[in-house]
Amino acid sequence: MQHDSWQGTLWLAPDFAILHGAAGATDRHAHYAHQLMLSTGAPFTVELDGIVHTARRLLVESLRPHAIVAAPAPMLTIYTEPQRLAGAALLAAADAGAPTLDHVAAALQAQPREPLPDPRLRRALDQVDALLSGKVSAAAVADAAHLSLSQLERLFSAQLGLPVRRLVLWRRLRLAIRFILLGSTLTDAAHGAGFADAAHFSRTMRSLFGVRADRSLRRLDVKLLD
């Protein structure tokens, strides 16, 4: 399959991102973010859990395998962090006004955030983020959360739906993408986010988003919504 690079405008907030433009075809992949695709023009075609859908609106919930088969018209592709914004909140934001960057971004910012149910989880996530540029020691994360290693794994699996190692990989990818969007080279972004090298980052990008990092992050106009 010939994959197109992402093109258009990307608005990036701490817990959501909105791409307005061409998403292009992708390999089959699964990522931690909820993803909502909205087209006001031609319908797109997506393979989701082995079933092909042709639609102008489709929600892909966290960790569901999918591939964009064809997306002939520019559209809005919205990604949200599932521990902060549930799929229902994403749909509510999309229904709150016109399907434009301005309206959707404002509606997402106005949505209430899901509280983390356990303060130990917040401490653990803060420690993960503090260590991302280097080695993330599960023992250090457990210590920061006042947990044993086995308790830490159970907490992440039960409340985030991911084991510690995969959650760390997701946070590394988010950070590396941000570095590239702000102008870093692929290699510098990879090292800055704690990947072993650019090849490791590229493989992770392909696995989690179904696209090549070197082709899909350079043709975007970026606005930060921090």
### Query
Roughly how far, to the nearest 0.5 Å, is the CG atom of L160 from the CG atom of L121?
4.5 Å

### Query
Between S202 (side chain) and A198 (backbone), is there a donor-acceptor pair under 3.5 Å?
yes

### Task
State, yes or no, whether a side-chain contact exists between I177 and R174 at a heavy-atom distance under 4.5 Å.
no

#### Entry: L116-L152 co-clustered via ILVMFWY side chain contacts under 4.5 Å
yes

### Query
Going from NE2 on H191 to CG on D197, what distance comes out if it is rounded to the nearest 0.5 angstrom?
6.0 Å

### Message
Any non-hydrogen side-chain atom of R178 less than 4.5 Å from a side-chain atom of L224?
### Response
yes

### Message
To the closest 0.5 Å, what do you measure between CG (L147) and CZ (R154)?
### Response
9.5 Å

#### Entry: Separation between OG of S137 and CG of D143, rounded to the nearest 0.5 Å
7.5 Å

### Transitive ILVMFWY side-chain link F195 to L181, under 4.5 Å
yes

### Query
Which atom names give the shortest non-hydrogen contact between A96 and A107, and what distance separates them?
CB-CB, 3.8 Å

### Message
Side chains of S148 and S150: any donor to acceptor distance under 3.5 Å?
### Response
yes

### Summary
Interatomic distance, CG@L217 vs CD1@I180, rounded to 0.5 Å, equals 5.0 Å

### Message
For L131 versus A140, what's the shortest heavy-atom pair and its separation?
### Response
CD1-CB, 4.1 Å

### Task
Decide whether L63 and L155 are clustered together by the hydrophobic rule: side chain heavy atoms of Ile, Leu, Val, Met, Phe, Trp, Tyr closer than 4.5 Å, transitively.
yes

### Message
Test your reading of the model: is there a side-chain donor-acceptor pair from R219 to the backbone of W6, 3.5 Å cut-off?
### Response
no

### Query
Which heavy atom in D188 sits nearest to a heavy atom in T185, and how many Å separate them?
N-OG1, 3.0 Å

### Task
Go through the structure and list residues passing side chain to side chain donor-acceptor pair (under 3.5 Å) with T100, not counting sequence neighbours.
H103

### Query
Does the R113 side chain pair with the main chain of Q111, one donor and one acceptor, at a distance under 3.5 Å?
yes

### Message
Applying the side-chain contact (heavy atoms from CB on, under 4.5 Å) criterion to L38, which one of R57, M75, H20 satisfies it?
### Response
R57

### Query
Are any of the side-chain heavy atoms of K223 and T9 separated by less than 4.5 Å?
no

### Query
Taking the six-membered ring for Trp, are Y79 and F209 parallel (under 30°), tilted (30 to 60°) or perpendicular (over 60°)?
perpendicular

#### Entry: Option among Q35, H53, R28, E61 that satisfies the side-chain hydrogen bond (donor to acceptor under 3.5 Å, both in side chains) test with H66
Q35

### Task
Quick one: pull up CH2 in W11 and CD1 in I78 and give me the separation to the nearest 0.5 Å.
12.0 Å

### Query
Given the rule that I, L, V, M, F, W and Y join up when any side-chain heavy atoms are under 4.5 Å apart, are V211 and L175 in one cluster?
yes

### Message
I'd like to know if L59 and F44 are part of one continuous hydrophobic network [Ile/Leu/Val/Met/Phe/Trp/Tyr, side-chain heavy atoms within less than 4.5 Å].
### Response
no

### Shortest non-hydrogen contact from A176 toward F201
CB-CE1, 3.6 Å

### Task
List for me each residue that meets side chain to side chain donor-acceptor pair (under 3.5 Å) alongside S157, sequence neighbours excluded, and say none if there are none.
none

### Summary
Residues passing the side chain to side chain donor-acceptor pair (under 3.5 Å) test with W170, sequence neighbours excluded, are E81

#### Entry: Given V128, V136, L167, the one that forms side-chain contact (heavy atoms from CB on, under 4.5 Å) with R172
V136

### Query
Please walk me through it: do R56 and T40 pass side chain to side chain contact (heavy atoms under 4.5 Å, CB included)?
CA-CA 7 Å; R56 289 185 174 86; T40 56; over 6 Å; no

#### Entry: Minimum heavy-atom distance between A105 and L225, given as atom pair plus value
CB-CD1, 4.2 Å

### Task
Look at the side chain of S62 and the backbone N and O of Y32, then say whether any donor-acceptor pair between them is shorter than 3.5 Å.
yes

### Query
Heavy atoms, side chains only, cut-off 4.5 Å: are V141 and V168 in contact?
no

### Task
For the residue pair I18 and L108, establish whether any side-chain heavy-atom pair is separated by less than 4.5 Å.
yes

### Query
Do D27 and R206 come close enough that some side-chain heavy atom pair is under 4.5 Å?
yes

### Distance-minimising heavy-atom pair for R218 and L186
NH2-N, 3.7 Å

